Amino acid sequence: MLQEISINKIKGFSIGHAQYQEAATGCTVIINKNGAVTGVDVRGGSPGTRETDLLKSENLVQETHAVFLSGGSAFGLSVADGIMQYLEERKIGFDVGVARVPIVPGAILFDLTVGDASIRPDASLGYQACLDAETTKEATNGSIGAGTGATVGKCLGTSFSMKGGLGTFAIQIGELQVGAVVAVNSFGDIFDPGENQIIAGAYDRENNQLLHTEEQLLSQLDKQTNRFSTNTSIGTIITNAKATKAEMNKLASIAHDGFARTMRPSHTLIDGDTIFAMTSNEVSVDLNIVGMLAVQAIEQAVINGIKHAQTVDGQPSYTDIIKNK
């Protein structure tokens, strides 16, 4: 029987968050100390990533020891240094004879227009997120970690955008476990397929009205604007299904359907949408089922990230617009 579980119940993985709250930015780390077979799929046109080439099916290293999601634009890639320090101190990494090198891919989102742009996630914050992963036992959603400064619905600029967030969701059927961690920071609106409506996005604060990004874009057909502001949604699938690196790359690709179901539009030229897929490689199952559940997990994680977000730096949250109705 299919049942929802806490993502922290997926064996072999630990998840931690750290943030600079006043600066409205942060990072999230997913650790597997034993090594997780990992793939990735980058769909957006403006990605910011680290070590994704290493995850190509034909390349040598088969396992990662952590994946990070971070705010701070390209500056946020430095959180990897702190994560590598944490893992090296515990003698975790790829054995190269003279040392163990932790394999730590990751991706960043653009949140510099929220909070203080001069303060970004760094090595210290990455290390703190690893320490948090040691003690965090319950799933955490909302304005935390990589979702601290996340926003959605930016076709009319930040004065019409809403608060995004960090969302998680996990499912178990038999011994198979599949979960997702997503930092929701899309250019487009967020659509809840279960409610059949947009729940966050471009928002007229004076009239308490969602403006529908796709309609706004059509009305701006001939208008040339710089839309590069606070975009990119990033996430990670974690599971215990047995799979090769090539198969995990494919699962990461399939999981992007969860973005397409919930973000309108998704995978734009100004989003850097990226999804990793990690497995502890323990349970033999039909990978078509894993792909189907991965899409569901991404979809629900996106919705949880929005519905649990709190107002940050004047960006209204889902809860705010519900209260105003």
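Just so we're clear, the structure is a prediction, and the values are computed from it rather than from any experiment.
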- prompt: Does the side chain to side chain contact (heavy atoms under 4.5 Å, CB included) test come out yes or no for Thr28 and Leu166, once each step is laid out?
  reply: CA-CA 9 Å; Thr28 296; Leu166 192 285; 4.0 Å; yes
How would you list, by chain and number, every residue that makes a side-chain hydrogen bond (donor to acceptor under 3.5 Å, both in side chains) with [X], sequence neighbours excluded?
{"X": "Glu195", "value": "Gln197, Lys307"}
{"X": "Thr25", "value": "Asp111"}
{"X": "Ser280", "value": "none"}
{"X": "Thr262", "value": "none"}

Student check: side-chain heavy atoms of [X] and [Y] closer than 4.5 Å:
{"X": "Ile198", "Y": "His212", "value": "yes"}
{"X": "Val67", "Y": "Val104", "value": "no"}
{"X": "Ile289", "Y": "Leu293", "value": "yes"}
{"X": "Phe276", "Y": "Ile237", "value": "no"}
{"X": "Pro265", "Y": "Glu214", "value": "yes"}
{"X": "Ile108", "Y": "Arg50", "value": "no"}
{"X": "Ile30", "Y": "Phe68", "value": "no"}
{"X": "Thr49", "Y": "Thr52", "value": "yes"}

Atom pair [atom1] ([X]) and [atom2] ([Y]), whose distance is rounded to the nearest 0.5 Å:
{"X": "Gln128", "Y": "Cys27", "atom1": "CD", "atom2": "SG", "result": "8.0 Å"}
{"X": "Thr239", "Y": "Met278", "atom1": "OG1", "atom2": "CE", "result": "11.5 Å"}
{"X": "Ile303", "Y": "Phe191", "atom1": "CD1", "atom2": "CZ", "result": "9.5 Å"}
{"X": "Glu247", "Y": "Leu287", "atom1": "CD", "atom2": "CG", "result": "5.0 Å"}
{"X": "Lys33", "Y": "Ile31", "atom1": "NZ", "atom2": "CD1", "result": "6.5 Å"}
{"X": "Thr64", "Y": "Met248", "atom1": "OG1", "atom2": "CE", "result": "9.0 Å"}

message: Using side-chain hydrogen bond (donor to acceptor under 3.5 Å, both in side chains), reason through Thr279 and Asn281 one step at a time and then give a plain yes or no.
response: CA-CA 5 Å; Thr279 182; Asn281 211 25; 4.9 Å; no
query: Step by step, would you call Asn185 with Lys154 a side chain to side chain contact (heavy atoms under 4.5 Å, CB included)?
result: CA-CA 10 Å; Asn185 188 64; Lys154 285 152 291 193; 3.7 Å; yes
- request: Using a strict cut-off of less than 4.0 Å between a Lys/Arg side-chain nitrogen and an Asp/Glu carboxylate oxygen, indicate whether Arg43 and Asp41 qualify as a salt bridge.
  value: yes
When you check the side-chain N and O atoms of [X] and [Y], is any donor under 3.5 Å from an acceptor?
{"X": "Asn32", "Y": "Asn34", "result": "no"}
{"X": "Glu89", "Y": "Gln85", "result": "yes"}
{"X": "Ser124", "Y": "Asp122", "result": "no"}
{"X": "Asp81", "Y": "Ser78", "result": "no"}
{"X": "Ser161", "Y": "Gln315", "result": "yes"}

- prompt: When you look at Ile144 and Gln19, which way does the side chain to side chain contact (heavy atoms under 4.5 Å, CB included) test go after all the steps?
  reply: CA-CA 7 Å; Ile144 189 170; Gln19 51 279 325; 3.2 Å; yes
query: Is Phe110 reachable from Val42 through a run of hydrophobic residues whose side-chain heavy atoms are each under 4.5 Å from the next?
result: no
So, for [X] and [Y], which heavy atoms are closest and what is the spacing to 0.1 Å?
{"X": "Asn207", "Y": "Asp204", "answer": "ND2-OD2, 2.8 Å"}
{"X": "Ile238", "Y": "Ile15", "answer": "CD1-CD1, 4.2 Å"}
{"X": "His65", "Y": "Gly35", "answer": "CD2-CA, 4.0 Å"}
{"X": "Leu69", "Y": "Ala146", "answer": "O-CB, 3.4 Å"}
{"X": "Asn249", "Y": "Lys56", "answer": "ND2-C, 4.1 Å"}
{"X": "Lys242", "Y": "Glu282", "answer": "CE-O, 3.5 Å"}

task: Please lay out, stage by stage, how Lys9 and Glu4 fare under the test salt bridge (charged side-chain N to carboxylate O under 4.0 Å, His left out).
output: CA-CA 10 Å; Lys9 301 295 184 184; Glu4 181 181 346; over 6 Å; no
query: Does atom CD of Glu22 have more than 12 heavy-atom neighbours, drawn from other residues, nucleotides or ligands, at distances under 6.0 Å?
result: no
task: Step through the shown structure and confirm whether more than 12 heavy atoms of other residues, nucleotides or ligands are within 6.0 Å of CD on Glu58.
output: yes
Could you tabulate the donor-acceptor pairs under 3.5 Å formed by side-chain atoms of residues 168-175, not counting sequence neighbours?
{"from": "Thr168", "atom 1": "OG1", "to": "Asn141", "atom 2": "OD1", "distance (Å)": "3.2"}
{"from": "Gln172", "atom 1": "OE1", "to": "Gln177", "atom 2": "NE2", "distance (Å)": "3.0"}
{"from": "Gln172", "atom 1": "NE2", "to": "Gly174", "atom 2": "O", "distance (Å)": "3.0"}

task: Can you run down the ring pair (Phe, Tyr, Trp, His ring centres under 6.0 Å) pairs that involve residues 115-158, sequence neighbours left out, and say none if there aren't any?
output: Tyr86-Tyr127
message: Using the rule given for side chain to side chain contact (heavy atoms under 4.5 Å, CB included), can you reason through Tyr318 versus Ile190, listing the C-alpha separation, both sets of side-chain angles and the distance that settles it, and then say yes or no?
response: CA-CA 10 Å; Tyr318 169 82; Ile190 303 302; over 6 Å; no
Working for salt bridge (charged side-chain N to carboxylate O under 4.0 Å, His left out), residues Glu299 and Arg261: CA-CA 7 Å; Glu299 180 181 313; Arg261 289 182 183 181; 3.1 Å; yes
